[in-house]
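A short worksheet on the structure shown next.
The structure presented is a predicted model; accordingly, all values stated were derived computationally and were not measured.
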Number of protein chains: 2
Amino acid sequence: MEATSRNDVRAALRACRLWRTATDDAIAVLAASASVQDAARGRLLATEGEPAERFGVVVSGRVRVFHMTADGRTIVMETMEHGEAFAAVATLAGGRNPASVDAATPATIAWISGESLFELLAAEPQIARGLIGDLSERLINLTSVVQTLALDVPGRLARYLFQRSLAVGEATADGLRVSLGMPKAELAASLGTVPETLSRALGRLRDDGVLEVRGSEVIVFDVGALARLGSGYGE
Amino acid sequence: MEATSRNDVRAALRACRLWRTATDDAIAVLAASASVQDAARGRLLATEGEPAERFGVVVSGRVRVFHMTADGRTIVMETMEHGEAFAAVATLAGGRNPASVDAATPATIAWISGESLFELLAAEPQIARGLIGDLSERLINLTSVVQTLALDVPGRLARYLFQRSLAVGEATADGLRVSLGMPKAELAASLGTVPETLSRALGRLRDDGVLEVRGSEVIVFDVGALARLGSGYGE
DNA sequence: ACGTCGGCTTGACGCGCGTCAAGGACGAGA
DNA sequence: TCTCGTCCTTGACGCGCGTCAAGCCGACGT
């Protein structure tokens with residue numbers, strides 16, 4: 001990982017949708033108050049149940065917001081990249097973290113105190129609307145996580161692949177080339193399952209002629225089938 | 001159900017946490033702009049996927065925010081009572097409803113257009129903070145729904161009973177008397193399962209000496225056991 | 001009292017998926 | 001080239017829970 005400058009931090013804060021409409025001056029103040037942390041892969045950044053006095057903005061890398069069940073499995077609720085904030089909700093509500101956060105890749109985090117955010121809100125009230133919009137979207141996303149959990153594993157996989165086809169799919173002579181975006185073991189965890197089951201689900205989609213697996217990417221032949229399976233109207 | 005007056009509507013809006021700090025005048029304006037609907041039990045109030053131009057505040061009765069899976073099961077994400085708003089998030093974000101809403105009991109709803117809310121926000125910017133706090137709390141609640149879905153059915157049941165013991169439990173000579181709060185079939189749906197499985201789960205808690213079932217209420221002998229099972233550290 | 005109807009319970013069964021265990025496949029290092 | 005080590009795959013098995021199909025019980029109406 002390369003060294004992280006104050007500029008990178010400012011860029012990340014500028015990109016953050018929470019205060020979309022804040023002035024550059026206000027961002028500079030926020031950046032000055034931030035404390036920066038470099039975290040290795042797997043490093044725990046926030047712990048479920050702890051009081052949240054500050055929140056993080058991802059400067060680089062990727063972090064996972066997750067819940068760990070008693071038997072050690074993890075459910076990934078969100079993943080955050082450059083310019084996205086985590087643990088902000090609990091900080092805003094003045095409560096405890098409802099979930100844990102760790103680094104999915106080596107990551108750099110800018111920590112902002114709840115106080116700083118409220119000062120920003122007082123100084124520039126117009127940002128409230130952006131904040132409200134962002135929270136609303138997060139709520140909608142989480143709703144879709146709940147719905148996803150109602151699907152079986154092939155359904156969840158199809159939903160993921162479908163969304164990813166739209167986002168990063170590349171048309172080729174064979175079909176739509178889509179990278180999985182992470183190691184299969186990690187993908188399995190994101191889908192709330194284990195590598196063995198993911199492997200079988202991929203195998204089944206292959207046998208059904210929907211796609212072909214090539215290492216860490218897949219060639220999708222039938223996007224419609226993915227959409228159907230992923231919306232719960234499969235078979 | 002008794003007739004609903006404009007006063008009831010105003011009282012419900014006053015109780016709504018979205019605009020906790022709004023002035024009474026502003027509430028009156030909002031109430032005047034609201035359209036009131038009486039809904040029979042089971043009446044669909046909002047449909048997943050539809051654009052949300054307005055949102056509802058519950059004046060009386062109880063509504064369920066839920067997702068229906070392709071095979072017809074429902075997952076209940078939230079239930080709302082007097083003074084609580086639904087479909088507000090999608091309206092604020094200018095998007096589509098992420099879930100459906102129906103009346104769990106006969107209910108009276110005050111519908112507010114997104115426009116009215118934004119006018120209120122413009123007129124009284126101080127309410128933004130309350131709105132942000134409310135959205136944050138909703139986000140936290142929904143996080144706990146996700147966690148709950150990771151539990152098995154006895155765990156979800158125990159979690160529900162534990163929370164309800166704290167909320168409405170009444171100490172008696174035998175133990176803590178707790179009403180289930182709804183018919184068992186409805187409770188089963190709320191827990192994301194079916195009556196048969198709920199029945200078995202209750203039977204198992206009974207056999208383990210944790211509680212005793214009496215019609216639509218239970219006598220809890222061992223609250224600690226409920227807490228343990230409901231937090232995922234059961235057995 | 002007697003039907004009967006809706007809500008609840010119980011048993012039998014099948015399917016999905018998590019677990020355990022045993023192989024591949026592939027790259028890194030000597 | 002051989003040997004690890006890591007990641008992925010495959011098979012066998014058990015458990016939880018949804019489904020189907022009977023019963024059971026209390027609440028009604030006439």
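Distance CG (B:L191) to C1' (D:dG16): 16 Å, rounded to an integer number of Å. Summarising the geometry, the separation between CZ on B:R204 and P on D:dC15 is reported as 12 Å, rounded to the nearest angstrom. A straight line from CZ of B:R214 to C1' of C:dT9 spans 19 Å, rounded to a whole angstrom. To the nearest angstrom, P of C:dG18 lies 12 Å from CG of A:L149. Distance, A:R156 CZ to C:dC17 C1': 9 Å, rounded to whole Å.
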So which protein nitrogen or oxygen atoms get under 3.5 Å of nucleotides 6-10 of chain D's nitrogens or oxygens?
| unit_1 | atom_1 | unit_2 | atom_2 | d |
| --- | --- | --- | --- | --- |
| D:dC8 | OP1 | A:K184 | N | 3.0 |
| D:dC8 | OP2 | A:A185 | N | 3.3 |
| D:dT9 | OP1 | A:K184 | NZ | 3.1 |
| D:dT9 | OP2 | A:S199 | OG | 3.3 |
| D:dT9 | O5' | A:S199 | OG | 3.2 |

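A donor-acceptor contact closer than 3.5 angstrom links the side chains of A:R159 and A:T148. No side-chain donor from either of A:R138 and A:N141 sits under 3.5 Å from a side-chain acceptor of the other.
The salt bridge (charged side-chain N to carboxylate O under 4.0 Å, His left out) test with B:E217 is passed by exactly one of B:K184, B:R164, B:R177: B:R177.
Counting non-hydrogen atoms of neighbouring residues, nucleotides and ligands closer than 6.0 angstrom, the CZ atom of A:R43 reaches no more than 12 such neighbours.
With values rounded to the nearest 0.5 angstrom, A:E50 atom CD is found 9.5 Å from A:L44 atom CG.
Note on A:R17 versus A:E137: salt bridge recorded, some NZ/NE/NH1/NH2 to OD/OE distance being below 4.0 Å.
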